[in-house]
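Here's the structure, in structure tokens; my notes come after.
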Amino acid sequence: MADHISFYDTRTREVRAFEPRDGGRVAIYVCGPTVYSRIHIGNARPFVVFSLLKRFLAHAGFEVFLVINVTDVNDKIYAAAGERSSVELAAAMTEAYRSDTDRLALGRPDAEPLASEWIEAIVEEIEALLDAGCAYAAGGDVYFRVRRDSAYGALSRRDVDAMDQGEDNDGADLKEDPLDFALWKAHKAGEDSAWDAPWGRGRPGWHIECSAMAMEYLGESFDLHGGGEDLMFPHHENEIAQSESATHRTFARHWFHVRFLLVEGRKMSKSEGNFYTLRDLLLRGYKTSAIRMLLISVPYRRQLNFTFEGLAAETVAVEKLRTFRDRIANTKWAARPDSDGVASEVAEMAREARTNFRAALADDLNTADARAPIFELVRAVNARADSGKFFAEDVLPILEALREFDRVFAVLEDHDAEWTTFTLDWAEREGKLGQAAPELLATRGVTDEKIQALVEERDQAKRRRDFKRADAIRNELAGMGILLEDSKDGTRWKRK
RNA sequence: GCACCGGUGGCGAAGUGGCUAACGCGCUGGUCUGCAAAACCAGUAUUCGCGGGUUCAAUUCCCGCCCGGUGCUCCA
């Protein structure tokens, strides 16, 4: 099943066969968040994409090891902390990042190293670069000699001589060449995290931490390295320069960049007023299943327009799949009258859908295309079920197909109600309950027992043909976010 | 200015040198239902930003234009 998987490679600018060095094993490194604030929907896209990538590769039979680092020493963190401790801010925001991404229900990376915990490895790599003559210390800083690296600019297709010389940057007077970038920054007044190093007290530059941690976890050369498109230059270009100058080996064999998203058609920014954290969306009553579905609806290399209209549409789409799954699983289907040992047509449809699903993902992780066979299967099977052509022996192939889809997409498992409770409890602690959507607040304290009692009362009213009363109860439940479905097998309800 | 990406139905979006241009949402009509909901059926792009070219054939390749987006150094 693992054959013919290919991904676009930023370095070669083409869709290339993905061939891990070590047969069945895949090592992936992704540049994660800088923890100075809660993650927003733009940060969520790479997290979702790389989690899906891992899930797909694992599903395709590879043993995947995914590293997503956390940058917890950085200028932005110092700036955001102000008078407070940057260390405490970073720790709190790291926790928030883990909690928020847990709500995305895609699992955690296999390792989530913090830059601050790998200073020793970073210092060692800088020493190696100094020894090799690729770097130099100046005024307590250490810089990398960009012009010593003839391959510099290959990833982002930039001509070193055509680059802006950046004279107004920090440390310009210490650099031999304006193109050089910092591997180590000398301690400055007001910075509350610093480590001793042979060339002076300070902290790592931004790029070196990823080189060091990637090599610590995955070795000098590994399969795939990724991040947001913004990281291509200078971050990843600099990582390649440092790493390959130190090891003389290909650092990452495949480069994978996730496109930025737009929010309501515009670039997301605080000044535009379209800046949303994951928590904001949860408080507004949107479910992470819908967020995932929306992020899946556009392939990772395309710009995605994140809108509330889109979220609403995907909420419905997720519901359609769950309703279908429940229908198949919970109905007493008749045995097939003409079971003559031939595989049923439904089993054949499920097989074909699974094949198409895998093929779409194997083709540069085309998640948008991969959704089509799922919905096609749902419609075809619903149609058969409506016309009495779905039988007990068809249940298993269908549920297995759904399980396969969900091993990658994770939208069927319903944690939504749980996350809603979690979000509201958090909002209460933070005094933000007032920001919660009214529909969300209405669901608070609505227990299954309470719902069940009302549903039974309505059923009795229906039996008396007291439809006024029955409809009143249905409306009352709707106000609590409960939807009813009458069927021959009784009334089913679900939380919206 | 330099580099790059996109413009497909009401919205989102896949895709291909030539079968009826996927899929999701929406809308209209129908079946079912006490009414709904769910589900299904039918309809909803004579056409893929505009102009030109290549080709027997282009939405798909090439050129130009218009529109939108992104990057261009220490800062996800």
Quiz item: So what does A:Phe375 hit on the nucleic acid, given a heavy-atom distance under 4.0 Å: a base, only sugar-phosphate, or nothing?
Solution: sugar-phosphate

Self-check item: P gap between B:C63 and B:G68, integer Å
Solution: 22 Å

Self-check item: Atom P, compared across B:C66 and B:G29: separation rounded to whole Å
Solution: 45 Å

Quiz prompt | Side-chain N or O of A:Arg302 closer than 4.0 Å to phosphate OP1/OP2 of B:G15 | solution = yes

Exercise. Could you check whether A:Asp471 gets within reach of a base, just the sugar-phosphate, or nothing at all, counting any heavy atom under 4.0 Å?
Key: base

Practice problem: Answer yes or no: side-chain N or O of A:Arg301 and base N or O of B:C5 forming a donor-acceptor pair under 3.5 Å. | Solution: no

Quiz item: Applying the ring pair (Phe, Tyr, Trp, His ring centres under 6.0 Å) test to A:Phe50, which of A:Phe7, A:Tyr29, A:Phe256 qualifies?
Solution: A:Phe256

Quiz item: Which part of the nucleic acid, if any, lies within reach of A:Arg458 when heavy atoms closer than 4.0 Å are counted: base, sugar-phosphate only, or nothing?
Solution: base

Practice problem: Take atom C1' in B:U16 and the same atom in B:U60, then report the distance between them in whole Å. | Solution: 6 Å

Quiz item: Looking only at side-chain N and O atoms, does A:Lys494 come under 4.0 Å of OP1 or OP2 in B:A38?
Solution: no

Quiz item: Reckon A:Glu237 touches a base, only the sugar-phosphate, or nothing at all at heavy-atom distances under 4.0 Å?
Solution: nothing

Quiz item: Rounded to the nearest Å, what distance is computed from the CE atom of residue A:Met232 to the P atom of nucleotide B:G71?
Solution: 12 Å

Quiz item: Within the modelled atom types, does a donor on one side and an acceptor on the other bring the side chain of A:Asp486 and the base of B:C35 under 3.5 Å apart?
Solution: yes

Quiz prompt | A:Tyr276 ring center near A:Phe308 ring center (under 6.0 Å) | solution = yes

Self-check item: Identity of whatever pairs with B:C23 - Watson-Crick or G-U, under 3.5 angstrom
Solution: B:G12

Quiz prompt | side-chain contact (heavy atoms from CB on, under 4.5 Å) partner of A:Trp184, the single match among A:Tyr143, A:Phe144, A:Trp195 | solution = A:Trp195

Quiz item: Taking N and O atoms by type only, does the side chain of A:Arg158 place a donor or acceptor under 3.5 Å from a partner on the base of B:A3?
Solution: no

Quiz item: What are the two closest non-hydrogen atoms of A:Arg45 and A:Pro299, and how far apart are they?
Solution: NH1-O, 3.5 Å

Self-check item: Whether A:Arg322 side chain and A:Glu413 backbone form a donor-acceptor pair below 3.5 Å
Solution: yes

Exercise. Searching all strands shown, indicate the nucleotide that pairs with B:U46 (Watson-Crick or G-U wobble; both distances under 3.5 Å).
Key: none

Quiz item: When you check the phosphate oxygens OP1 and OP2 of B:A14, does a side-chain N or O of A:Asn366 lie under 4.0 Å from one of them?
Solution: no

Exercise. Tell me what A:Gly42 touches on the nucleic acid: a base, only sugar-phosphate, or nothing, going by heavy atoms under 4.0 Å.
Key: nothing

Exercise. Check whether any side-chain nitrogen or oxygen of A:Arg384 sits under 4.0 Å from OP1 or OP2 of B:A39, and answer yes or no.
Key: no

Exercise. Determine the contact category for A:Ala372: base if any of its heavy atoms lies under 4.0 Å from a base atom, sugar-phosphate if only primed atoms, P, OP1 or OP2 are that close, otherwise nothing.
Key: base

Quiz item: Mind checking who B:C2 pairs with, Watson-Crick or G-U wobble, both distances under 3.5 Å?
Solution: B:G71

Exercise. Have a look at A:Arg379 and say if it touches a base, only the backbone sugar-phosphate, or nothing, with a 4.0 Å heavy-atom cut-off.
Key: sugar-phosphate

Exercise. Taking only the side-chain nitrogens and oxygens of A:Lys267, find out if one of them lies under 4.0 Å from OP1 or OP2 of B:G71.
Key: yes

Practice problem: Can you figure out which of B:C11, B:U70, B:A14 approaches the side chain of A:Glu309 most closely? | Solution: B:C11

Practice problem: Take atom P in B:G10 and the same atom in B:G6, then report the distance between them in whole Å. | Solution: 23 Å

Quiz prompt | Note: A:Arg495-A:Asp448 ion pair, threshold 4.0 Å (strictly below) | solution = yes

Exercise. Report the base-pairing partner of B:A39 (Watson-Crick or G-U wobble, both distances below 3.5 angstrom), or none.
Key: B:U31

Exercise. Tell me what A:Ala383 touches on the nucleic acid: a base, only sugar-phosphate, or nothing, going by heavy atoms under 4.0 Å.
Key: sugar-phosphate

Quiz item: Base, sugar-phosphate, or nothing: which does A:Pro299 touch, judged by heavy atoms less than 4.0 Å apart?
Solution: sugar-phosphate

